[in-house]
Chemist: 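This structure is in structure tokens; I'll ask about it shortly.
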2 protein chains.
Amino acid sequence: MEEDKLVCSEKCPHFNKINKVKEREPKADEYLKLSNMFKLFADETRLKIICSLLKEELCVCDLCELLNLNQSAVSHQLQLLRNSKLVKFRREGKQIFYSLDDEHVELIIQMALDHIVEEEEKNGKLL
Amino acid sequence: MEEDKLVCSEKCPHFNKINKVKEREPKADEYLKLSNMFKLFADETRLKIICSLLKEELCVCDLCELLNLNQSAVSHQLQLLRNSKLVKFRREGKQIFYSLDDEHVELIIQMALDHIVEEEEKNGKLL
DNA sequence: TAATCATATGAACAATCACTCATATGATGT
DNA sequence: ACATCATATGAGTGATTGTTCATATGATTA
């Protein structure tokens, strides 16, 4: 949130590069939406919920069991996922069943896992 | 961080489903690493840094210009990205040039963008 | 229509985090 | 050696966030 203070000498900022980046980069509101999306994946509890729903439709109490967490905490996180349209739900009597509402989610997580595995191979094996 | 309090009736938790999920789900330390990875993408500043480095190697002051943010803030975020091996750097005189150190990053961001675009189409066009 | 069950929600609190300010480091030129 | 430039780092602070506790809602059953 700063302005007008040039960081280094007049020669330093590489304006050709900077302009190239500016041309191609996401727009301001896309950055916001992207970071909000990644925030949802950035918490272990939500991540476990998402991964649990990848292949199975589950009710709230199933998720409590799986996460070993109380109902309120789970419901609060489900609300966030609902608001962002990442999960959908249906009522069946007293229970409410949640499931994923997106095809990209699995790919995003898989790719992040690939990164982690590769990172571990780099560090673990070659040193 | 709770235990022993069964959330709903004995009939409710669908143990067959729960066990299926448990078989396939990531391990505890993988969840931790995943969420830590996504935390890096979950902040607008870091996201802008990452996207800026997608195609161009840039020095710290270039990033300050691009993000319109002071040098200290940028350096702090770069440190986080460095620690997680998401970016690498090389010295050239007084300047330090940063670049991405991962091939998955671009795919992850692209997929998240796809999700956002699709979401907008769903909401904007069809209603 | 009470009572109960599954889930949702509001308020409060502790922990985390991104930024700022001040200062340190490490390379360059004089 | 000294001043300067580009960047890094530590401490402090306000804002955000995940969890808990208490309570509300909405469907079922007696």
Side-chain angles (χ1 to χ4, degrees), chain A residues 1-3 5-14 31-32 35-36 38-50 57-65 67-84 87-99, chain B residues 1-3 5-14 31-32 35-36 38-50 57-65 67-84 87-99:
Chain A
M1 318 296 172
E2 285 266 316
E3 185 63 71
K5 182 167 48 178
L6 200 51
V7 179
C8 39
S9 74
E10 292 124 56
K11 297 174 216 152
C12 171
H14 307 82
Y31 274 130
L32 185 62
S35 66
N36 283 337
F38 285 123
K39 273 197 189 79
L40 294 170
F41 293 80
D43 172 71
E44 273 196 87
T45 296
R46 283 192 299 270
L47 204 54
K48 283 179 190 171
I49 291 177
I50 292 169
E57 183 194 51
L58 296 168
C59 73
V60 178
C61 110
D62 291 339
L63 289 166
C64 294
E65 262 289 308
L67 307 192
N68 196 29
L69 201 58
N70 69 57
Q71 179 266 319
S72 180
V74 171
S75 274
H76 276 295
Q77 299 306 337
L78 282 171
Q79 188 183 36
L80 294 178
L81 295 173
R82 248 162 39 216
N83 290 343
S84 322
V87 303
K88 61 189 172 200
F89 60 98
R90 69 180 177 84
R91 178 145 229 153
E92 187 177 313
K94 281 179 274 186
Q95 298 181 111
I96 295 184
F97 286 86
Y98 281 86
S99 56
Chain B
M1 316 296 170
E2 285 267 314
E3 185 65 71
K5 181 168 44 176
L6 201 49
V7 179
C8 41
S9 74
E10 290 123 56
K11 297 172 217 154
C12 170
H14 307 83
Y31 275 129
L32 184 62
S35 65
N36 284 336
F38 285 123
K39 274 198 188 80
L40 294 171
F41 292 79
D43 172 71
E44 273 196 88
T45 297
R46 282 192 299 271
L47 205 54
K48 283 179 191 170
I49 292 177
I50 292 169
E57 182 194 52
L58 296 169
C59 73
V60 178
C61 110
D62 291 338
L63 290 166
C64 294
E65 262 290 308
L67 308 192
N68 196 28
L69 200 58
N70 70 54
Q71 178 265 320
S72 181
V74 172
S75 274
H76 275 295
Q77 299 306 336
L78 283 171
Q79 188 183 37
L80 294 177
L81 296 173
R82 248 162 39 215
N83 290 343
S84 321
V87 303
K88 61 189 173 196
F89 60 98
R90 69 180 175 84
R91 179 143 229 156
E92 187 177 311
K94 280 179 275 183
Q95 297 182 110
I96 295 183
F97 286 87
Y98 282 85
S99 57

Chemist: Has B/His76 got its ring stacked on the base of C/dC19, with centres under 5.5 Å and planes less than 30° apart?
Modeler: no
Chemist: What is the distance, to the nearest angstrom, from the CG atom on B/Asp62 to the C1' atom on D/dT7?
Modeler: 13 Å
Chemist: Is A/Phe97 touching bases, backbone alone, or none of the nucleic acid, heavy atoms closer than 4.0 Å?
Modeler: nothing
Chemist: Tell me the interatomic distance from A/Asn83, atom CG, to C/dT9, atom P, rounded to whole angstroms.
Modeler: 9 Å
Chemist: At less than 3.5 Å, do the side-chain atoms of B/Thr45 and the base atoms of C/dC19 form a donor-acceptor pair?
Modeler: no
Chemist: Under 4.0 angstrom, heavy atoms only, what part of the nucleic acid is B/Phe89 near: base, sugar-phosphate, or nothing?
Modeler: nothing
Chemist: I want to check something: taking the side chain as every heavy atom from C-beta on, are B/Phe97 and A/His14 in contact at a cut-off of under 4.5 Å?
Modeler: yes
Chemist: Please report the interatomic distance CD(A/Gln95) to CG(A/Asp62), rounded to the nearest 0.5 Å.
Modeler: 7.5 Å
Chemist: May I ask you to verify if any side-chain N or O of A/Gln79 is less than 4.0 angstrom from the OP1 or OP2 atom of C/dT9?
Modeler: yes
Chemist: Check whether any side-chain nitrogen or oxygen of A/Arg91 sits under 4.0 Å from OP1 or OP2 of C/dT7, and answer yes or no.
Modeler: no
Chemist: How many whole angstroms separate atom CG of B/Asp43 from atom C1' of C/dC19?
Modeler: 10 Å
Chemist: I need the minimum non-hydrogen distance between A/Tyr98 and A/Val87, along with the two atoms involved.
Modeler: CD2-CG2, 3.8 Å
Chemist: Taking all non-hydrogen atoms of both residues into account, name the closest pair between A/Cys64 and A/Gln71 and its distance.
Modeler: SG-CA, 3.4 Å
Chemist: Looking at D/dT19, D/dT7, C/dA8, which one has an atom nearest to any side-chain atom of B/Cys61?
Modeler: D/dT7
Chemist: Is B/Asn70 close enough to C/dT20 that one of its side-chain N or O atoms is under 4.0 Å from OP1 or OP2 there?
Modeler: yes
Chemist: Would you mind telling me which residue lines up with the more 5' stretch of DNA chain D, A/Gly93 or A/Val74, judged by nearest nucleotide?
Modeler: A/Val74
Chemist: Considering all heavy atoms of both residues, which atom of B/Ile50 and which atom of B/Leu40 are nearest to each other, and what is their separation?
Modeler: CD1-O, 4.3 Å
Chemist: Respond yes when some side-chain nitrogen or oxygen of B/Arg46 is under 4.0 Å from OP1 or OP2 of C/dA18, and no when none is.
Modeler: yes
Chemist: Would you state whether a donor and an acceptor, one from the side chain of A/Gln71 and one from the base of C/dA6, lie under 3.5 Å apart?
Modeler: no
Chemist: Expressed as a whole number of angstroms, how long is the span from A/Leu69:CG to D/dC21:P?
Modeler: 12 Å
Chemist: Atom NZ of A/Lys39 and atom P of D/dG18: how far apart are they, to the nearest Å?
Modeler: 10 Å
Chemist: Give the rounded distance in Å between these two atoms: CD of B/Glu92 and C1' of C/dG26.
Modeler: 16 Å
Chemist: Counting C-beta onward and ignoring hydrogens, is there a side-chain heavy-atom pair between B/Glu65 and B/Cys61 closer than 4.5 Å?
Modeler: no
Chemist: For B/Arg82 and D/dT9, is the shortest distance between a side-chain N/O and OP1 or OP2 below 4.0 Å?
Modeler: yes
Chemist: Considering heavy-atom distances to DNA chain D, does B/Ile96 or A/Ala73 have its closest nucleotide positioned more toward the 5' end?
Modeler: B/Ile96
Chemist: How close or far is atom P of C/dA27 from atom NZ of B/Lys94, stated in whole angstroms?
Modeler: 13 Å
Chemist: Could you state the atom-to-atom distance from CD of B/Gln77 to C1' of C/dT16 in whole Å?
Modeler: 13 Å
Chemist: Is the phosphate of C/dA8, meaning OP1 or OP2, less than 4.0 Å from a side-chain N or O of A/Tyr98?
Modeler: yes
Chemist: Is a donor-acceptor pair below 3.5 Å formed from side chain A/Ser72 to base C/dT9, judging by atom type as modelled?
Modeler: yes
